[in-house]
Trainee: 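Got a structure here, written out as structure tokens. Questions coming.
The first residue in the sequence is number 1, and the count goes up from there.
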Amino acid sequence: MIAPSPEDKAELEATKAPLLEHLIELRKRLIHAIIAFVICFVICFSFAKQIYAFLTAPLAHALGPGHHLIYTALYETFFTYVKVGMFGGVCLAFPIIAAQLWMFVAPGLYRHERRAFLPFLLATPVLFIIGAAFVMYVMLPYAIRFFAGYETPGGPGVLAIQLQPKVSEYLDFVMTLIFAFGLTFQMPVLLSLLGRVGIVSSEQLRSARRFAIVGIFAVAAVLTPPDIVSMLSLAVPLVGLYEISILCVRLIERNRAAELAGTEVAKPS
């Protein structure tokens, strides 16, 4: 861990406040975050049909004409659109929610911790979007084609097996994949942040590479549908992201060493 300087300690000491003031500040930030979510939910719910059509585009392209979605309860489609609105509301309001979280937490951090944390906070939504895009444009079309391959045409003495996905079940399937890929794609952010504050080193990450790969494949097997294509579509990028994380931590260590060397040179003899 990096030891704080006396200036950092003095700055942190100046931000101390009674517990009641912290609770009032927390309530203020929560209210702002909730208001942002509600506004974004209303906006996304107003365009729920268009958003759902976008989410079903991989299914439509993979299955082709002649297929359709079904719903078996009168209220199923309505509550599916509510889920779409909530899902879109969380994604749309995330920058505001993250900003409120940052404004509450930042005064309690040392200066070097703020410098370490802020860039990764900005990188988090970018990597989440990359993970979600990977699901929509790479992984999901192959997974749909794999599962649709189990359709069976009918014939004499043979009942046809036809895929008829439900409205709500398909949304749950896509949302699960998007959140799984979006969260697991945060690996470089998490490991680089730990390296920035001195908790892990690039050497530790390199020595744990074998165990990390086994863990990555285990996580991929749990989070993805039960087929080898889906598992590999998550595991292979995660292995690549782990290697990128090692490089990022190594770069952080080099920059830190250069800063320390510059500080030593600047000290009077």
Side-chain angles (χ1 to χ4, degrees), residues 25-105 120-145 147-148 163-186 189 223-225 230 233-234:
E25 179 69 13
L26 176 60
R27 183 186 66 176
K28 174 184 176 182
R29 299 305 172 192
L30 287 175
I31 291 174
H32 290 173
I34 292 173
I35 291 175
F37 168 73
V38 171
I39 294 174
C40 293
F41 166 75
V42 172
I43 295 173
C44 292
F45 183 73
S46 302
F47 296 94
K49 290 184 179 180
Q50 292 82 354
I51 297 174
Y52 190 76
F54 170 76
L55 295 176
T56 56
L59 180 65
H61 293 157
L63 298 183
H67 288 77
H68 57 273
L69 294 166
I70 65 170
Y71 65 98
T72 57
L74 291 176
Y75 50 81
E76 182 177 341
T77 302
F78 170 76
F79 282 108
T80 298
Y81 287 157
V82 171
K83 286 183 180 180
V84 170
M86 295 179 66
F87 174 70
V90 170
C91 295
L92 190 62
F94 176 80
I96 301 176
I97 296 174
Q100 297 300 317
L101 176 63
W102 172 254
M103 286 187 284
F104 177 74
V105 174
F120 300 108
L121 182 64
L122 299 176
T124 296
V126 175
L127 288 174
F128 187 92
I129 292 173
I130 293 175
F134 189 87
V135 170
M136 294 298 297
Y137 298 109
V138 179
M139 180 265 174
L140 194 56
Y142 288 104
I144 292 173
R145 292 190 184 95
F147 291 118
L163 174 64
Q164 291 185 335
K166 291 183 63 178
V167 171
S168 59
E169 290 179 353
Y170 177 78
L171 178 66
D172 293 339
F173 175 67
V174 174
M175 287 175 56
T176 300
L177 289 179
I178 289 177
F179 276 117
F181 277 69
L183 293 178
T184 52
F185 269 50
Q186 305 301 317
V189 172
L223 295 180
T224 58
S230 300
S233 66
L234 176 59

Trainee: Pair Phe134, Ile130 - check side-chain contact (heavy atoms from CB on, under 4.5 Å), show working.
Mentor: CA-CA 6 Å; Phe134 189 87; Ile130 293 175; 5.6 Å; no

Trainee: Are any of the side-chain heavy atoms of Ile34 and Val38 separated by less than 4.5 Å?
Mentor: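 Yes, close enough: below the 4.5 Å cut-off.
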
Trainee: How long is the gap from CD1 on Ile70 to OG1 on Thr77, to the nearest 0.5 Å?
Mentor: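 Ile70 CD1 to Thr77 OG1: 10.5 Å, rounded to 0.5 Å.
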
Trainee: Hey, what do you get for CZ (Phe45) to CD1 (Ile51), rounding to the nearest 0.5 Å?
Mentor: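 Result: 10.5 Å between the selected atoms.
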
Trainee: Between Ile96 and His32, is the side-chain contact (heavy atoms from CB on, under 4.5 Å) condition met? List the steps.
Mentor: CA-CA 8 Å; Ile96 301 176; His32 290 173; 5.9 Å; no

Trainee: Measure the CE-CE distance between Met86 and Met175 for me, rounded to the nearest 0.5 Å.
Mentor: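 Spacing of CE (Met86) from CE (Met175) equals 8.0 Å.
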
Trainee: Would you find more than 12 non-hydrogen atoms of other residues, nucleotides or ligands less than 6.0 Å from Phe47 atom CZ?
Mentor: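 Open: at most 12 neighbouring heavy atoms sit under 6.0 Å from CZ of Phe47.
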
Trainee: What heavy-atom pair brings Ala33 and Gln100 nearest, and what distance separates the two atoms?
Mentor: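 The answer is N-CG, 4.3 Å.
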
Trainee: By side-chain hydrogen bond (donor to acceptor under 3.5 Å, both in side chains), which residues pair with Ser168, not counting sequence neighbours?
Mentor: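 By the side-chain hydrogen bond (donor to acceptor under 3.5 Å, both in side chains) rule, Ser168 matches Glu76.
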
Trainee: Can you measure from CZ (Phe128) to SG (Cys91) and round to the nearest 0.5 angstrom?
Mentor: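 It comes to 5.0 Å.
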
Trainee: Would you name the heavy atoms of Ile144 and Tyr170 that are closest together and state the gap between them?
Mentor: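 Nearest pair, atom of Ile144 first, then Tyr170: CD1-OH, 4.3 Å.
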
Trainee: Can you list every pair that meets salt bridge (Lys or Arg N to Asp or Glu O under 4.0 Å) and has a residue in residues 169-182, with sequence neighbours left out?
Mentor: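 The answer is Lys83-Asp172.
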
Trainee: Using the rule given for side-chain contact (heavy atoms from CB on, under 4.5 Å), can you reason through Leu30 versus Phe104, listing the C-alpha separation, both sets of side-chain angles and the distance that settles it, and then say yes or no?
Mentor: CA-CA 10 Å; Leu30 287 175; Phe104 177 74; over 6 Å; no

Trainee: Can you name the nearest heavy-atom pair linking Met136 to Ile178, along with the distance?
Mentor: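 Heavy-atom minimum between the residues: SD-CD1, 4.3 Å.
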
Trainee: I need the Leu69 CG to Leu163 CG distance, nearest 0.5 Å.
Mentor: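 One finds 9.0 Å between CG of Leu69 and CG of Leu163.
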
Trainee: Take atom OH in Tyr71; do more than 12 heavy atoms of anything else shown fall under 6.0 Å from it?
Mentor: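 Open.
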
Trainee: How close do Cys44 and Gly89 get, heavy atom to heavy atom, and via which atoms?
Mentor: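 Heavy atoms only, the tightest pair is SG-N, 3.6 Å.
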
Trainee: In this structure, which one of Tyr52, Phe87, Tyr81 forms a side chain to side chain contact (heavy atoms under 4.5 Å, CB included) with Leu171?
Mentor: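 So the option named by the test is Tyr52.
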
Trainee: Which heavy atom of Val42 sits nearest to which heavy atom of Ser46, and what is that distance?
Mentor: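 Closest approach of Val42 to Ser46: O-OG, 2.8 Å.
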
Trainee: Using every non-hydrogen atom in the two residues, find where Val84 and Ala48 come nearest and quote the distance to one decimal.
Mentor: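 Looks like CG1-O, 3.9 Å.
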
Trainee: Out of curiosity, Thr184 OG1 to Leu234 CG, how far, rounded to the nearest 0.5 Å?
Mentor: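 One finds 4.5 Å between OG1 of Thr184 and CG of Leu234.
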
